[in-house]
Amino acid sequence: MEERTVQLTENGKVIAELPIKTGTMGPSTVDISQLYQQTGKQYFTFDPGFMATASCHSAITFIDGEQGKLLYRGYPIEQLAQKSSFLEVAYLLLNGQLPTQNELDTFTHNILHHTMINESLKMFYHGFHYNAHPVAVMIGVVGSLSAFYHDSINVYRQESRIISAHRLIAKVPTIAAACYKHSIGEPFIYPDNKLSYCGNLLRMMFAVPCEEYELNQTAERALDLLFILHADHEQNASTSTVRLAGSSGANPFACIASGIASLWGPAHGGAAEAVLDMLQEIGNVSQIDKYIQKAKDKNDPFRLMGFGHRVYKNYDPRAKIIRDTCHKVLNEFSNTSDPLFELALKLEEIAVTDDYFIERSLYPNVDFYSGMIYRSLGIPSNMFTVMFAIARTVGWVAHWMEMISDPRHKIGRPRQLYDGAVSRDYVAITER
Ligand code: SDX
């Protein structure tokens, strides 16, 4: 089939002819990689924030923002949320296909038998004050894993990539739970590999050495669902951070630490904590209109946290699923009268009928309701981004592996539109 191209003209003269690349779904792309050469090194493209820029090939996750659709390796998130489990989804994202029972059993065994962390890693926690933000601690400890595994340092060997992937997915819950335990001054709890991935995490967070721990099945299932919904999301800020860090061949543990750092921002994965802070600031239903006005006021930095999305210009499908799960979990934990949940429902009801939000396609996103569930499980708001990072480690690792194993990959090195000082000579200090 003849290659489709587009022509770039200036004053009626063709200055570049660029090929069009088409994927299996979604918009086609104009391949601008030769633009600089074709225009005699006169032109770059300009797209701060990557509003309309595809940074890579990927076959992992597809989002249709207009329709509010999300597919992991082609499977709709609604079906995976209803029928799958987090470790099965992890296998799918990493390998591209749903596992057979034998493949899932082997994968699960591998993950559950890498859950312990090196005993000397625990010393790192004691360098942080008890009141250090758990995400700050997690960034430090995950990054320090790169000082431990010299047997898998060569990222260009597939076996090294696989063992690093399994170690990261397996150890982040143990590290996360220890972040929480450190923040409350309780002893760390060792993993119990007889439990599920989420059961193990809940026990490491909430068990104490002096009592038997009774795992709540509803909490275990709710966490597994939240992790499925948070596992991956295409080229979001933190995943793009991991890809860019990894493109230089950097240590995978250090790359994942950079992803956690990016996720922490309130515009990204830090939003769930910010939603709870916002709801507590609004306080009650009577204040909603005042805060809706603040959100619209260009002179007011206040934004409705948990609303809006760069890609979804329709409802975030994950928010719908989480909201429905909220009802079930709150019923189970008899928190249905949770005033913050009632406030969240009312805020959504008002915002989605307000012209300002409708015109800008601002709907609740994945972070709007997730904090409600974490809170009802007894997880404090400063741990919400840590929980997000546990789940998203699967997506980050999948994208890192896809990028590193792609023979086409190059180190990421964007250019710029320079608008600083033009060339000038040094002036002696006596003459300034
Ligand atoms: C996540 O990318 C991903 O996929 C991320 C994620 C994932 O799974 O990885 O989905 C997870 O990060 C979800 C988003 C969580 N963040 C929040 O909930 C924070 C609140 N939302 C925003 O700050 C904002 O909506 C973003 C950051 C999410 C998206 O910002 P964009 O795409 O850059 O949009 P924008 O800032 O240009 O806003 C467009 C307009 C502006 O108004 P105008 O200048 O056109 O008049 O919408 C307004 C904004 O002022 N707007 C909001 C708003 N979000 C956008 N106004 C009030 N409240 C908001 N929340």
Side-chain angles (χ1 to χ4, degrees), residues 47-55 58 60-66 68-72 77 81 89 93 135 226-243 259-279 281-282 288 290-322 344 347-348 350-352 354-371 384-385 387-396 398-399:
D47 184 15
F50 305 113
M51 304 294 282
T53 294
S55 61
S58 184
I60 298 172
T61 291
F62 180 74
I63 302 170
D64 179 333
E66 302 309 318
K69 292 191 183 315
L70 169 58
L71 308 178
Y72 287 169
I77 193 66
V89 164
L93 289 168
V135 180
L226 283 175
F227 282 5
I228 289 173
L229 298 173
H230 285 82
D232 192 50
H233 213 238
E234 194 214 76
Q235 306 308 323
N236 58 85
S238 54
T239 300
S240 299
T241 300
V242 170
R243 277 181 171 261
I260 303 172
S262 171
L263 184 72
W264 196 7
H268 191 11
E273 178 177 2
V275 166
L276 218 64
D277 294 344
M278 173 188 73
L279 291 172
E281 182 184 339
I282 294 174
I288 288 179
K290 170 187 156 193
Y291 280 87
I292 294 265
Q293 292 319 309
K294 278 170 65 69
K296 295 177 184 177
D297 179 356
K298 293 299 166 210
N299 299 317
D300 190 326
F302 176 81
R303 283 201 162 181
L304 224 43
M305 300 315 280
F307 273 78
H309 199 277
R310 169 63 57 76
V311 176
Y312 289 122
K313 299 311 170 192
N314 197 320
Y315 227 95
D316 181 335
R318 303 167 295 176
K320 274 183 197 160
I321 297 169
I322 293 176
L347 180 59
E348 176 194 347
I350 295 171
V352 296
D354 182 291
D355 287 344
Y356 176 92
F357 291 86
I358 294 168
E359 285 156 15
R360 292 165 180 80
S361 305
L362 302 177
Y363 294 94
N365 58 48
V366 68
D367 291 304
F368 188 61
Y369 285 109
S370 54
F384 292 175
T385 306
M387 304 306 281
F388 196 149
I390 295 172
R392 189 52 60 87
T393 293
V394 166
W396 290 330
H399 282 273

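Atoms within a ligand are numbered from 1 in the order they appear, just like the ligands themselves. The figures that follow rest on heavy atoms only: side chains count, while hydrogens, waters and symmetry mates do not.
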For ligand 1, is there an N or O atom under 3.5 Å from any N or O atom of Val366? no
Any residue meeting ring pair (Phe, Tyr, Trp, His ring centres under 6.0 Å) with His399, in chain and number order, not counting sequence neighbours: none
What's the shortest distance from atom 57 (C) of ligand 1 to any protein heavy atom, and which residue and atom give it? Ala295 O, 3.7 Å
Closest protein heavy atom (residue, atom, distance) for atom 24 (C) of ligand 1: Arg303 NH1, 3.6 Å
Using ring-ring contact (aromatic ring centres under 6.0 Å, His included), reason through Tyr363 and Tyr312 one step at a time and then give a plain yes or no. CA-CA 8 Å; Tyr363 294 94; Tyr312 289 122; 10.0 Å; no
Testing the basics here: between Asn314 and Gly68, what is the closest heavy-atom pair and its distance to 0.1 Å? CB-N, 3.9 Å
Does even one non-hydrogen atom of Arg318 get within less than 4.0 Å of ligand 1? yes
Which ligand 1 atoms are under 4.0 Å away from a heavy-atom of Tyr356? 42 (O), 48 (C), 50 (O), 56 (N)
At the 4.0 Å heavy-atom cut-off, does Val311 count as touching ligand 1? no
How close does the nearest protein non-hydrogen atom get to atom 2 (O) of ligand 1, and which residue and atom is it? Asn236 CB, 3.4 Å
Quiz question for you: does at least one protein heavy atom lie closer than 4.0 Å to atom 34 (O) of ligand 1? no
Considering non-hydrogen atoms of the protein only, which is the closest contact for atom 27 (C) of ligand 1, and what is the distance? Ala267 O, 3.9 Å
Numbered atoms of ligand 1 (with element) below 4.0 Å of His309, judged on heavy atoms: 2 (O), 3 (C), 4 (O), 5 (C), 6 (C), 10 (O), 13 (C), 25 (O), 28 (C)
Distance below 4.0 Å between atom 37 (O) of ligand 1 and any protein heavy atom? no
Would you mind running through ligand 1 and noting each atom that sits below 4.0 Å from a heavy atom of Pro266? 16 (N), 19 (C)
Please compare Arg310, His268, Met51, His230 and report which has the shortest non-hydrogen distance to atom 29 (C) of ligand 1. Arg310
Within the structure, is a non-hydrogen atom of Ala237 found at a distance of less than 4.0 Å from ligand 1? no
Heavy atom of Phe302 under 4.0 Å from ligand 1? no
I need the nearest protein heavy-atom contact for atom 15 (C) of ligand 1: residue, atom name and distance, please. Asp367 OD2, 3.3 Å
Which atoms from ligand 1 have a heavy atom of Gly306 less than 4.0 Å away? 17 (C), 18 (O)
I need the contact type for Glu234 against ligand 1. Using non-hydrogen atoms and a strict under-4.0 Å cut-off, is it side chain, backbone, both or neither? neither
Near Ala271 (heavy-atom distance under 4.0 Å), the atoms of ligand 1 are 15 (C), 16 (N), 17 (C), 18 (O)
Give every residue pair that meets the salt bridge (Lys or Arg N to Asp or Glu O under 4.0 Å) criterion with at least one member in residues 355-369, sequence neighbours excluded. none
Would you mind checking which non-hydrogen protein atom is closest to atom 4 (O) of ligand 1, with the distance to 0.1 Å? His233 ND1, 2.6 Å
Would you kindly specify which portion of Met278 sits under 4.0 Å from ligand 1, judged on non-hydrogen atoms: side chain, backbone, both or neither? neither
So is Lys296 in contact with ligand 1, going by heavy-atom distances below 4.0 Å? no
